[in-house]
A.B. asks: 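Below is the structure I would like to discuss, written out as structure tokens.
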Amino acid sequence: KNEKEARRWYEAAATQGNVTAQYMTGRLYAELSYNEAAVKWYTKAAEQECPEAQYELGVCYETGDGVGKDKAKAVELYRKAAEQGYAEAQNKLGVCYSNGTGVARDDAQAVGWYRKAAENGNVKALYNLGEHYYCGLDENKAEAVKWYKKAAEQNHAWAQYMLGECYFYGRGLDKNDAEAVKWYKKAAERNYAWAQYMLGECYYYGRGLDENEAEAVKWFKKAAEQGNADAQCKLGRCYYYGRGVTGNKAEAVKWFKKAAEQGNADAQNNLGVCYHNGEGVEKNSAKAVEWYRKSAENGNASAQYNLGLCY
């Protein structure tokens with residue numbers, strides 16, 4: 001594959017007005033981060049009513065890549081593409097209406113465009129419909145489950161995770177830990193950090209499968225390495241107490257600190273305890289108070305008690 005040669009011939013055809021070549025030239029420039037050149041060719045193709053180019057040009061206007069940011073212009077372009085039946089643009093227009101981006105917020109319009117995109121096979125729209133019914137103004141958890149399931153069955157990781165949550169907590173359907181594990185695992189295997197954390201919790205407490213602390217640690221670590229603060233805190237606790245892994249207070253401190261710096265109140269308190277007792281780190285009463293205070297201000301009752309003891 002020779003992208004330079006491809007770009008040369010696409011651009012030759014594009015210069016003669018071939019709309020598909022104009023769009024493809026824009027894409028090739030965008031992939032190289034030559035955003036102004038991409039905008040030039042997307043604009044030419046968009047003016048010839050190419051829906052893919054209208055959509056990509058809309059993205060450029062929304063993000064300000066290669067052109068001045070103009071969210072209203074982005075919506076105008078998304079609408080042009082959406083009205084031609086381009087599913088990606090229909091979903092994006094729904095997102096704009098849902099968030100009030102470049103247009104007045106309108107949940108009915110959002111749902112209408114999500115449905116059009118969903119009917120055209122757009123999996124993101126299936127998930128967005130699930131989100132709308134899960135926490136929108138016309139909340140309906142059972143309806144949310146219906147749409148999450150459609151998206152999950154098409155391997156949308158976020159939808160798989162949310163379907164797992166619905167089964168785990170009994171939202172919109174009966175609680176079923178085994179089904180929750182099934183969907184958490186699908187999302188976890190696609191590297192979705194929250195699903196990895198929740199799968200770890202299921203292994204840790206034996207929810208929906210046999211308890212297995214070593215397997216729990218494996219999944220906590222995967223999520224923790226992606227920056228999930230809850231997983232970092234739980235991994236720290238596993239190292240602190242030697243649950244599923246050889247105890248290692250210094251390693252516990254490392255993970256508590258990562259989570260604490262993200263504002264996790266439990267980790268802030270745990271880190272305070274480590275500094276207070278000199279576990280895994282040099283004893284430092286001032287540092288202990290500092291982390292107890294942060295945790296206490298985040299509403300952690302244990303930290304509030306520990307901070308009281310310091311005085």
Side-chain angles (χ1 to χ4, degrees), residues 131 134-135 139 158 161-162 164-166 168-171 175 177 180-181 184 187-188 191-208 211-311:
E131 285 289 275
Y134 190 84
C135 54
E139 180 184 314
W158 295 2
Y161 165 71
M162 286 304 299
E165 289 283 274
C166 291
F168 191 83
Y169 294 106
R171 294 170 182 162
K175 289 176 79 168
D177 287 349
V181 167
Y184 285 149
N191 214 33
Y192 189 59
W194 274 110
Q196 291 170 335
Y197 167 67
M198 285 304 298
L199 184 58
E201 286 283 273
C202 290
Y203 274 112
Y204 192 86
Y205 293 108
R207 293 281 299 269
E211 183 180 312
N212 186 328
E213 291 180 349
E215 193 69 11
V217 167
K218 166 187 156 183
W219 288 106
F220 289 146
K221 192 166 188 180
K222 286 179 184 289
E225 287 173 344
Q226 290 195 70
N228 184 286
D230 285 6
Q232 290 169 340
C233 181
K234 196 61 179 272
L235 184 59
R237 287 179 62 83
C238 290
Y239 276 112
Y240 186 90
Y241 291 108
R243 304 290 296 270
V245 68
T246 303
N248 185 327
K249 296 289 175 65
E251 193 70 9
V253 167
K254 166 187 161 182
W255 290 107
F256 286 150
K257 191 170 186 182
K258 286 178 184 290
E261 287 171 347
Q262 292 192 69
N264 183 286
D266 286 340
Q268 290 169 335
N269 178 62
N270 294 339
L271 187 56
V273 169
C274 290
Y275 274 114
H276 184 84
N277 297 330
E279 296 176 309
V281 68
E282 188 175 342
K283 187 170 183 175
N284 188 322
S285 296
K287 283 280 188 184
V289 168
E290 175 189 338
W291 286 109
Y292 285 152
R293 187 182 303 281
K294 287 178 187 289
S295 181
E297 289 172 350
N298 281 328
N300 186 283
S302 296
Q304 291 164 348
Y305 174 77
N306 287 336
L307 188 58
L309 289 178
C310 293
Y311 289 101

A.B. asks: May I have the step-by-step check of side chain to side chain contact (heavy atoms under 4.5 Å, CB included) for Cys202 and Trp219, ending in yes or no?
C.D. replies: CA-CA 10 Å; Cys202 290; Trp219 288 106; over 6 Å; no
A.B. asks: Do Glu251 and Lys254 meet the salt-bridge criterion of a basic N to acidic O distance under 4.0 Å?
C.D. replies: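 Looking at Glu251 together with Lys254, the answer is yes, because their closest N to O distance falls below 4.0 Å.
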A.B. asks: What closest approach, in Å, do Ala195 and Ala187 show between heavy atoms, and which atom pair accounts for it?
C.D. replies: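 Shortest heavy-atom separation between Ala195 and Ala187 comes out as CB-CB, 3.4 Å.
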A.B. asks: Can you tell which of Glu215, Arg207, Glu213 makes a side chain to side chain contact (heavy atoms under 4.5 Å, CB included) with Glu211?
C.D. replies: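 Passing option: Glu213.
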A.B. asks: Do you know which two heavy atoms are closest between Gly164 and Ala180, and how far apart they sit?
C.D. replies: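 The pair with the smallest heavy-atom distance is O-CB, 3.4 Å.
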A.B. asks: Please determine whether a side-chain nitrogen of the Lys or Arg among Lys234 and Glu201 lies less than 4.0 Å from a carboxylate oxygen of the Asp or Glu.
C.D. replies: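 A salt bridge is present here (some side-chain N lies under 4.0 Å from a carboxylate O).
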A.B. asks: Please report the shortest heavy-atom distance between Ser295 and Ala265, naming the atom on each side.
C.D. replies: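 That would be OG-O, 2.7 Å.
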A.B. asks: State which residue, out of Asn270, Leu235, Asn269, Asn264, fulfils the side chain to side chain contact (heavy atoms under 4.5 Å, CB included) condition with Phe256.
C.D. replies: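 The side chain to side chain contact (heavy atoms under 4.5 Å, CB included) with Phe256 is passed solely by Asn270 among Asn270, Leu235, Asn269, Asn264.
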A.B. asks: Can you measure from OH (Tyr239) to OG1 (Thr246) and round to the nearest 0.5 angstrom?
C.D. replies: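 Answer rounded to 0.5 Å: 8.5 Å.
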A.B. asks: Could you tell me if Lys249 sits above the aromatic ring of Tyr240, with its cationic atom closer than 6.0 Å to the ring centre and no more than 45 degrees from the axis?
C.D. replies: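 Yes, a cation-pi geometry holds between Lys249 and Tyr240.
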A.B. asks: Do the side-chain N and O atoms of Asn298 and Gln268 include a donor-acceptor pair separated by under 3.5 angstrom?
C.D. replies: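 Yes - a donor-acceptor pair under 3.5 Å links their side chains.
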A.B. asks: Quick check: does any side chain N or O of Gln196 sit under 3.5 Å from a backbone N or O of Ala188, one acting as donor and the other as acceptor?
C.D. replies: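 Such a contact is found between Gln196 side chain and Ala188 backbone.
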A.B. asks: Out of Glu261, Lys221, Lys257, Gln262, which residue meets the side chain to side chain donor-acceptor pair (under 3.5 Å) rule with Gln232?
C.D. replies: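 One option only clears the test, and that one is Gln262.
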A.B. asks: Identify the heavy atoms of Ala223 and Ala231 that sit nearest to each other, and give their distance.
C.D. replies: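 Taking every non-hydrogen atom into account, CB-CB, 3.5 Å.
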A.B. asks: Nearest 0.5 Å please: distance from the OH atom of Tyr292 over to the CG atom of Leu271.
C.D. replies: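 The distance works out to 9.5 Å.
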A.B. asks: So which heavy atom on Cys274 is nearest to which on Val281, and how close?
C.D. replies: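 For Cys274 versus Val281, the nearest heavy atoms are O-CG1, 3.7 Å.
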A.B. asks: Can you confirm whether more than 12 heavy atoms, excluding those of Arg171, are under 6.0 Å from its CZ atom?
C.D. replies: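 Buried by this count: over 12 neighbours within 6.0 Å.
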A.B. asks: Let me confirm one number: the OH-CD distance from Tyr169 to Glu165, rounded to the nearest 0.5 Å.
C.D. replies: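 It is 5.0 Å, given to the nearest 0.5 Å.
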A.B. asks: Please test Asp230 against Trp194 for side chain to side chain contact (heavy atoms under 4.5 Å, CB included), starting from the C-alpha separation and ending with a verdict.
C.D. replies: CA-CA 9 Å; Asp230 285 6; Trp194 274 110; 3.3 Å; yes
A.B. asks: If you round to the nearest 0.5 Å, how far is OH of Tyr184 from CE of Met162?
C.D. replies: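 Between atom CE of Met162 and atom OH of Tyr184 there are 9.0 Å.
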